[in-house]
Structures are given as structure tokens and as C-alpha cells.
Amino acid sequence: MDAKIYSAQLADLRALRDDIKKAQAALAKLETARARRITALAGYEKAKAERIAPAAGLSLAEVVAIAPILAPDRLTTAPQPTSTANDDQETPAAVDETARPLTAEAAPTPPVGAAAPPLSRPARQAAVALPAPAPTPPAAAPAAAAVVPSSAAPPARVGESRALPAVPEGAEGDRWFTHTPNLASTHPNFTQQARSMVFLDTRTGTLVHRNQTHQLTLPTGSVAEILNAVFHAVPEGVERIYITAGDPWHRQADQHPFLKDAVAAWLNAPTPGWRTDTGRGKDRLAGHFVHPRNPVGRYQRENGEQHVEIRSAGEWFDTDNTDPATVRDAFVLLWKTLRAHWSDAVLMGSPSQTGRDLWTRTIPTKGQYADGYPVLSEELRGLLHATAGQGRTELITPPRVPEQLPALVEYDRTFAYAKHTWKSGVGTPQRVTARTFASWSEKEQTKALFACGHWHVRVTVPDTWNHVGILPAPAPGDRAWYYPAAPGTTFTTWAGGPEIYTALTNPIQPWKIEILDGILWQDGKPLDDWSKKLKESWAALTAQASLHGDAQQRTAAHLASRAVRAILLYGIGSFAQRPRTVTGTTPRAHQADVPPDAEIIGFDDQTITWQRPTGFTRDPYAHPEWAAHIWSSARAALLSQRHRDDDTYAGALHTPPGTVVAFRTDAIYLTQPHNWPYHSQPGDYLNKGHLTGPIPAPTTEERLLTLRDAGRAAHQPNSIQGA
């Protein structure tokens with residue numbers, strides 16, 4: 001083979017590669033169509049995954065991952081024979097052997113109820129309000145929690161589910177309970193620099209820069225067109241371009257099998273005179289962020305003199321096609337309000353960046369944590385990532401609810417996460433084995449479950465249970481969860497202290513819990529100062545949104561209040577530190593430079609777009625233990641929340657059985673209204689929608705959202721406040 005033949009065969013190989021990519025795109029389109037068909041079939045009340053799976057050519061787990069509505073009532077199996085050591089040992093799928101779940105033999109667990117006498121009814125109703133433990137009544141009563149002896153036949157167990165990791169036994173597991181050396185969250189020693197920004201409606205071409213308005217012509221809405229038009233109108237240059245309406249990254253969505261592919265193609269289209277930014281400054285970020293709705297494009301002049309980001313204002317709040325001038329006013333009002341609490345407050349590119357930056361400026365410079373808050377070991381961070389879910393999303397369908405609903409009433413918890421930031425775990429975490437927990441007194445056990453902890457537990461639903469599920473169980477699919485409620489079901493999971501305590505002390509009937517292992521922190525207040533300042537900012541802006549005499553300023557204040565909510569919400573999410581995926585581009589002429597572990601997600605005649613996982617980075621602000629505790633508290637409050645001032649309770653477990661239709665993060669949907677107190681405070685249940693029936697029970701997420709929107713329109717609340 002000579003050089004000429006070699007070059008010719010390379011060209012043929014490239015053509016074959018392109019044909020393969022086209023075939024893969026066509027296959028992806030067919031798989032998307034199949035997923036839509038499966039989702040539609042799942043809406044049928046008698047649909048069964050067992051029948052859909054062979055028709056689709058998929059496994060049961062794959063069908064359930066596409067249509068989770070099929071999972072809750074179909075993931076239980078018949079009682080299994082008793083085993084002496086491996087009753088609850090799951091077969092790890094993609095989990096290292098050292099992180100296998102504890103077996104009954106490895107972690108003998110006396111009944112929790114044997115060491116924890118029953119709590120009084122007021123304590124059972126307390127749920128997540130965290131009052132002092134109630135005294136034990138003298139009369140005997142059923143134990144608050146118990147376990148089935150290993151010699152007895154176990155109840156029905158959860159069948160198909162993904163395996164969750166566990167802490168290894170012995171010294172190897174104990175080694176996890178430490179901090180990453182030389183890595184801590186510390187108070188910044190620099191002043192954050194503000195970035196100049198403009199606001200652009202790509203539908204109308206209206207551009208707002210400070211107090212000036214320009215009219216641009218954007219026939220295609222491409223990146224190159226936007227950059228050229230903006231820098232022609234604002235020759236001194238800008239560093240952020242916020243798109244307020246138009247979503248130009250979606251204009252060619254019909255030419256791609258997935259929305260994310262359309263966004264990637266838009267971000268990576270040729271931009272003469274510009275190239276992908278490589279980052280600079282203290283807030284160094286490089287490359288594009290491919291997101292189906294709120295992408296980020298980062299560009300720099302080829303001479304390196306100018307850097308600019310194209311972002312979506314939808315990261316901060318739902319603009320609802322608000323004009324760019326009002327959006328600009330909202331950002332100005334947001335900055336001024338934050339400045340009242342942080343003299344050096346600067347609006348970063350996104351709410352999560354802003355939230356984290358503001359939090360770092362509340363880190364103490366004196367006292368116990370003057371040297372910062374240490375970051376957990378990578379092993380514990382990975383465990384929390386795999387076992388701590390976020391919001392609860394669940395649709396409950398007939399026969400668990402009526403075929404015809406008498407009504408659909410939406411209750412949304414106002415600024416919910418702000419309710420649960422008053423304490424978080426600090427210090428070196430303590431491992432609490434099953435044996436250690438069982439050796440504690442009732443008071444010590446209750447105190448531990450009130451504290452900031454994350455628990456590996458075996459759960460049994462009571463035999464006479466007739467309400468919604470309480471604790472999350474792992475479902476097939478990445479980071480997917482469901483909430484078993486069938487009487488007698490047993491499953492193994494991880495859950496936070498607030499949810500465990502709710503399961504043990506709920507107002508209906510205590511669940512049976514075995515503590516297999518646990519992670520326990522000291523109670524601290526690392527987020528309290530930050531959260532209080534954000535809550536005060538939110539309250540001030542909410543008041544302006546209700547009382548300001550100018551309609552445009554009322555809208556701006558409302559948007560700014562939503563931005564404060566996003567700062568707290570996404571700021572908390574940033575502590576979770578997910579494993580990162582980097583997206584990059586490489587010229588076609590240099591395709592050998594594509595990282596060997598990268599996945600090619602798009603290409604054209606000029607560039608190849610790829611992405612690759614980078615795992616956990618040495619992020620000094622990674623505190624997944626804080627995010628996990630807040631999320632657990634919020635999920636528990638959806639079930640039961642005490643209102644001290646009103647001496648009453650609210651939440652799903654304080655409604656009649658069969659009346660809960662759905663959960664959506666901070667909201668619950670019921671078939672009847674409730675007179676729950678609302679004082680416009682974080683965590684209060686706001687009645688946002690009420691649709692009178694009879695209404696066919698929704699069997700798909702899409703149908704639920706349609707009914708939600710109709711209910712909100714029919715309800716017409718008097719205030720624009722919201723969760």
C-alpha cells in the first residue's frame with residue numbers, strides 16, 4: 001500500500017463513518033418514536049409492562065425506565081424463600097464489589113422497636129417539625145418499628161430495581177469517613193468582577209443595553225448573526241447576551257432526532273472571527289454547555305481580546321415573553337436588593353453560580369470554621385450522589401384514585417427549600433452501624449434521626465397500609481425512584497433522617513424500619529446566614545410585586561423574586577456536585593485529537609462535537625450532604641408539616657386515603673380542598689389551582705400538566721406569589 005492508496009482508503013473510511021452516524025441518527029429517531037408509543041400505551045389503565053416489553057423488543061426494566069407509571073404496582077414479586085445470609089443482598093450491576101449492600105449476616109440488626117418504645121400521638125404527628133421528643137406513655141402499645149426475624153418468612157420484596165451502593169465493611173468503609181485533604185470551602189479573598197450584559201428578543205430583534213434600545217435584524221438567529229449584530233449595535237462590547245425570547249437554538253429542531261442535538265448544532269455552527277472560549281478569571285468556565293432548554297454558548301475573538309456568553313434568561317425565571325426592557329429592570333432590581341445584604345454582590349452568569357458566590361461571602365473568617373468547611377471524601381460524595389434523590393415526582397393512577405376525580409386541587413409549597421436550610425451537617429461524619437444504633441437508648445436514637453444523617457435501611461410497609469408511600473426505593477433507570485405503598489412490601493434503600501423519622505412517627509401507622517448503616521454529622525448552620533439574607537430579599541421583592549403602583553415595575557419585581565428563588569434553589573443544587581460531563585469541539589482536519597474516551601454527539605463538514613465524563617473534580621464547594629438533607633426534609637414536608645403558630649398540620653398524610661393524585665417536587669395534587677394555613681411564608685402550602693369535576697384521572701404526566709394549567713387558569717389567585 002502506497003501513500004495514495006492509504007489516503008484514498010482514509011477518505012472511504014471517513015465516508016463510512018459519516019454513513020454510520022446518519023444510520024445511528026435514524027435509529028435514534030426510531031427509538032424516540034418507540035418510546036413515545038410506549039408512553040402512550042402506558043396511559044391505558046390495564047397496560048402491563050409484561051405485554052409491552054416483548055412487543056417493543058425491550059426488557060421489563062427498560063420499559064419501566066421509559067414509562068415509570070408502570071413500575072409501582074408491577075415491581076413486587078411473590079414472597080421469596082428464607083435465606084440464612086443473603087435475604088437482602090442485591091446483585092450489584094455497575095457497582096464495585098466493595099460497595100455491596102450489607103447482608104443480614106454482615107450486619108445483624110436487632111429490632112429498632114426493641115430499643116425504641118412507642119411515641120405518643122403528638123410525637124407521631126410531629127413529622128419534620130423537629131420538636132423535642134415526646135415522653136413515652138406508660139401503657140404498652142405496638143412498637144414504632146420492628147423487623148421480621150431472619151427465621152420467619154419475609155414479606156413481598158421489591159423485584160426489579162437498580163442496586164444501590166453501600167459502605168464497605170470494616171476498615172475499608174471506615175476510611176471513607178473523613179475529608180478530602182487540603183480541600184475546603186473558604187471565604188474568597190478577591191472581589192468578584194461584574195460583567196456587562198444586554199437583553200435580546202430574537203423574535204422581534206429588540207436589544208436592550210443599559211438605558212438604550214436597539215433594533216436588530218436576525219433572519220436566521222444563528223450565533224454568528226447574533227454576535228455580529230450585537231457588537232455592531234454595542235461597539236464597546238458586552239460580555240453576556242441574555243436571550244429573553246425566541247429560543248434561537250430550537251429553530252432547526254425538526255432537522256435533528258433530539259432537541260439536544262439541535263442545540264449542539266446551533267452552538268457549534270461556524271462563527272467567522274470567533275472560536276469557543278477557553279475561560280478566564282476566577283470564575284473560569286470554558287466550552288459550551290449543551291442543555292435542551294437553557295444552553296450556554298461561550299465564545300472569544302480569534303485574537304483573544306473579547307469574551308462573550310450567550311445565555312437564556314430562562315435560567316433565572318420564566319420570562320413568559322416579557323419584553324427585554326422589563327427583564328433588564330428585573331436584573332437591576334435583583335442586584336440592588338442583594339446589595340442591601342451583600343455589599344460586594346455581583347450577578348454571575350447563572351443563579352447557581354450567583355448562589356454559590358454569595359454563600360462563600362458568608363463563610364466565617366473567625367471561629368471554628370475560619371479555615372473553611374472541609375469537603376467530604378470522594379467515596380462519600382459518590383455514595384450521596386448515587387443514593388440521595390431530589391424532588392418527589394409521582395403520578396398515582398386508578399385504582400389507587402377514582403376513575404373520575406371530584407376535583408383536582410393544587411397545593412404548592414412557597415419557596416419550599418428555604419424552609420429547610422436552618423441546619424446542615426458539619427464536621428467529620430460518624431459511621432453508625434446497625435449494631436451501634438441498636439445499642440443506643442431511645443433518646444439517642446430519636447436524637448440521631450432528628451439530626452443530619454443519611455441512613456441505609458430495610459423498610460417494610462405495614463400490612464394494613466392504605467395511603468401513599470413514604471420512603472423512596474430505587475427504580476430501574478439512572479437516579480430513578482418510586483415510593484412503594486403496597487402493604488407488606490419490603491425493600492432496601494437509603495434515606496435522610498427527616499423521611500425516616502416521618503416513616504416511624506407518621507399520623508397514620510408506624511412503618512417497620514431496620515437501620516443497616518448510617519452516616520451522621522454534627523448539627524451546624526453553614527447555610528443559615530446565606531438563606532436568611534435570600535429570604536429577606538425574596539420577601540422585599542414579593543412585597544413590591546404586590547404593592548408597586550407601576551405595572552411594569554410590579555412585573556419586574558415578581559421576576560426578580562423568582563430569580564432569588566432560583567439563586568437559592570440552584571445554589572443548593574450546586575452543592576450536590578454531580579459528576580461532570582465536558583462538551584467540546586475539534587476541527588474535522590484534526591479528528592485524531594478527539595479524546596479517546598469521548599462520545600461523538602454531532603459533526604458537520606468543519607467540526608466534530610463530543611462529550612466525555614470527567615467524574616468528580618476537586619471542587620472546594622462540593623457539599624452533597626447539605627443538598628441531601630434539604631431534599632429529604634422537603635420530601636418529608638410534602639407528607640407532613642407542622643404549623644406551630646396555627647397548631648395544625650398539612651401534607652399528604654393529613655388527607656383521606658385515595659385523595660392524593662400526584663406529587664411534583666414542591667407540589668401535591670388532591671381531589672378535595674383543605675383549609676391549610678397560608679401566611680406567605682417559606683414552606684406554606686399555597687392553593688394555586690382548583691379544577692372542579694368530574695375529571696378523568698390523569699394517567700400521563702402530560703395530561704396532569706394540562707389539567708394543572710387549566711386549574712390555575714380557573715382558580716385565578718389574587719396574588720402572583722408562588723413557590
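Just so it is clear, the values below take in all heavy atoms, side chains as well, and ignore hydrogens, waters and symmetry mates. In what follows, residues are counted from 1 in the order of the sequence shown.
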Inset, instruction - Would you check if the distance from the ring center of Trp676 to the ring center of Tyr649 is below 6.0 Å? - result: no
Inset, instruction - Please check if atom CG in Asp550 has more than 12 non-hydrogen atoms from other residues, nucleotides or ligands closer than 6.0 Å. - result: yes
Inset, instruction - Answer yes or no: is there a donor N or O on one side and an acceptor on the other, between the side chain of Thr706 and the main chain of Glu702, under 3.5 Å? - result: yes
Legend entry - Short side-chain donor-acceptor distance under 3.5 Å, Thr414 and Gln681: no
Inset, instruction - Compare all side-chain heavy atoms of Ser632 with those of His420 and state whether any distance is below 4.5 angstrom. - result: no
Inset, instruction - Could you tell me whether the side chains of Ser633 and Tyr417 share a donor-acceptor contact shorter than 3.5 Å? - result: no
Inset, instruction - Could you go through the side chain to side chain donor-acceptor pair (under 3.5 Å) check for Thr460 and Thr490 one step at a time? - result: CA-CA 4 Å; Thr460 301; Thr490 292; 3.0 Å; yes
Legend entry - Distance-only donor-acceptor check, side chains His467 and Asn506, under 3.5 Å: no
Inset, instruction - Go through the side-chain N and O atoms of Ser531 and Thr421 and say whether any donor and acceptor fall under 3.5 Å apart. - result: yes
Inset, instruction - To the nearest 0.5 Å, tell me how far Leu408 CG sits from Leu405 CG. - result: 6.5 Å
Inset, instruction - Nearest 0.5 Å please: distance from the CD1 atom of Ile630 over to the OG atom of Ser424. - result: 5.0 Å
Legend entry - Distance, nearest 0.5 Å, that separates CD1 of Ile695 from CZ of Arg703: 8.5 Å
Legend entry - Atom CG of Asp254 with >12 non-hydrogen neighbours under 6.0 angstrom: yes
Inset, instruction - Would you tell me whether Asp329 and Thr326 have side-chain atoms, one donor and one acceptor, within less than 3.5 Å of each other? - result: no
Inset, instruction - Indicate whether the side chain of Glu315 and that of Ser350 have a donor and an acceptor atom separated by less than 3.5 Å. - result: no
Inset, instruction - Could you walk me through whether Arg293 and Asp247 pass side chain to side chain contact (heavy atoms under 4.5 Å, CB included), step by step? - result: CA-CA 8 Å; Arg293 293 177 302 279; Asp247 297 343; over 6 Å; no
Inset, instruction - Supply the atom-to-atom distance Tyr411 OH to Lys688 NZ, rounded to the nearest 0.5 angstrom. - result: 14.0 Å
Inset, instruction - Give the C-alpha distance, both sets of side-chain angles, the deciding distance and a yes or no for salt bridge (Lys or Arg N to Asp or Glu O under 4.0 Å) between Glu499 and Arg635. - result: CA-CA 7 Å; Glu499 291 170 285; Arg635 291 193 299 268; 2.8 Å; yes
Inset, instruction - Return the orientation label for the Tyr242 and Trp316 ring planes: parallel under 30°, perpendicular over 60°, tilted otherwise. - result: perpendicular
Inset, instruction - Taking the side chain as every heavy atom from C-beta outward, state whether Tyr483 and Arg392 have any pair of such atoms under 4.5 Å apart. - result: yes
Inset, instruction - Measure from the ring center of Tyr570 to the ring center of Phe575 and say whether it is less than 6.0 Å. - result: no
Inset, instruction - Anything under 30° is parallel, anything over 60° is perpendicular, the rest tilted; go ahead and classify His454 against Trp494. - result: parallel
Inset, instruction - Assess the pair Phe450 and Tyr501: is the distance between their ring centroids shorter than 6.0 Å? - result: yes
Legend entry - Interatomic distance, Ile52 atom CD1 to Arg34 atom CZ [nearest 0.5 angstrom]: 12.5 Å
Legend entry - Under 3.5 Å side-chain donor-acceptor pair for Glu410 and Asn687: no
Legend entry - Greater than 12 external heavy atoms within 6.0 Å of Lys535's NZ: yes
Legend entry - Leu639 side chain reached by Phe663 side chain, heavy atoms, under 4.5 Å: yes
Inset, instruction - Measure the CH2-OG1 distance between Trp481 and Thr393 for me, rounded to the nearest 0.5 Å. - result: 13.5 Å
Legend entry - Donor-acceptor pair between Thr659 and Thr671 side chains, under 3.5 angstrom: no
